[in-house]
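Counting starts at 1 for both ligands and their atoms, following the listed order.
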Amino acid sequence: MSNLEQTLSIIKPDAVERNLDNEIKEMFKNKGFTILKEKKIQIEKSEAERFYKVHETKPFYDDLCTYLSSGPIVVMILEKNSAVLENRALMGSTNPTEAEEGTIRKKYGISIDKNSVHGSDSIENAKIEIDFFFKD
Ligand code: IDP
Ligand code: MG
């Protein structure tokens, strides 16, 4: 049975800065994801604050928003069966030191804040996040 979903992925500034975007895109394609849309952009801090609003009470919120707006990012719509969960699995744990072998964060993540990728955490949030970056 088909369970085709879309999710939002972001290649974060630490990875784009190290020119890892093509290698990371290959990891998605090798796992069977289709990249439906993609763009390389840099966002304002105010946009990062809107994007990460769920985290506004966290102690790391300000640093997180400064960081996401600190350099170019690549935002993508990924499609696959169970894309939301499959992307979270391929990304690995938030903290790269806890991420499993073969995951993007294990391979490329530098630290809990510079962890190379973002991925939507639910189907509902995937829709919201896709609209955030790709609604025309
Ligand atoms: P996720 O990216 O794995 O979904 P979230 O808990 O949604 O993780 O946190 C969003 C982002 O905030 C993380 O990717 C990470 O960059 C940053 N972050 C999360 N927890 C911490 C922390 O304890 N210290 C610093 N940054 C954090
Ligand atoms: Mg999250």
Run the salt-bridge test on Asp113 and Lys12 with the 4.0 Å N-O cut-off and return the result as yes or no. no
Between side-chain atoms of residues 19-31 and protein atoms elsewhere (two or more places apart, or another chain), which donor-acceptor pairs fall under 3.5 Å?
residue: Glu23; atom: OE1; partner: Tyr108; partner atom: OH; Å: 2.8
residue: Lys25; atom: NZ; partner: Glu38; partner atom: OE1; Å: 2.7
residue: Asn30; atom: ND2; partner: Glu26; partner atom: O; Å: 3.2

List the protein residues in contact with ligand 1, where contact means a heavy-atom separation under 4.0 angstrom. Lys12, His55, Phe60, Leu64, Arg88, Thr94, Arg105, Ile112, Asp113, Asn115
Of all heavy-atom pairs between Glu86 and Asn81, which one has the smallest distance, and what is that distance? CG-O, 3.6 Å
Quick one: list whatever passes salt bridge (charged side-chain N to carboxylate O under 4.0 Å, His left out) with Arg50, sequence neighbours left out. none
Run the salt bridge (charged side-chain N to carboxylate O under 4.0 Å, His left out) test against Lys58 and tell me which residues pass, sequence neighbours left out. none
Which label fits Tyr52 and His118: parallel for a plane angle under 30°, tilted from 30 to 60°, or perpendicular past 60°? perpendicular
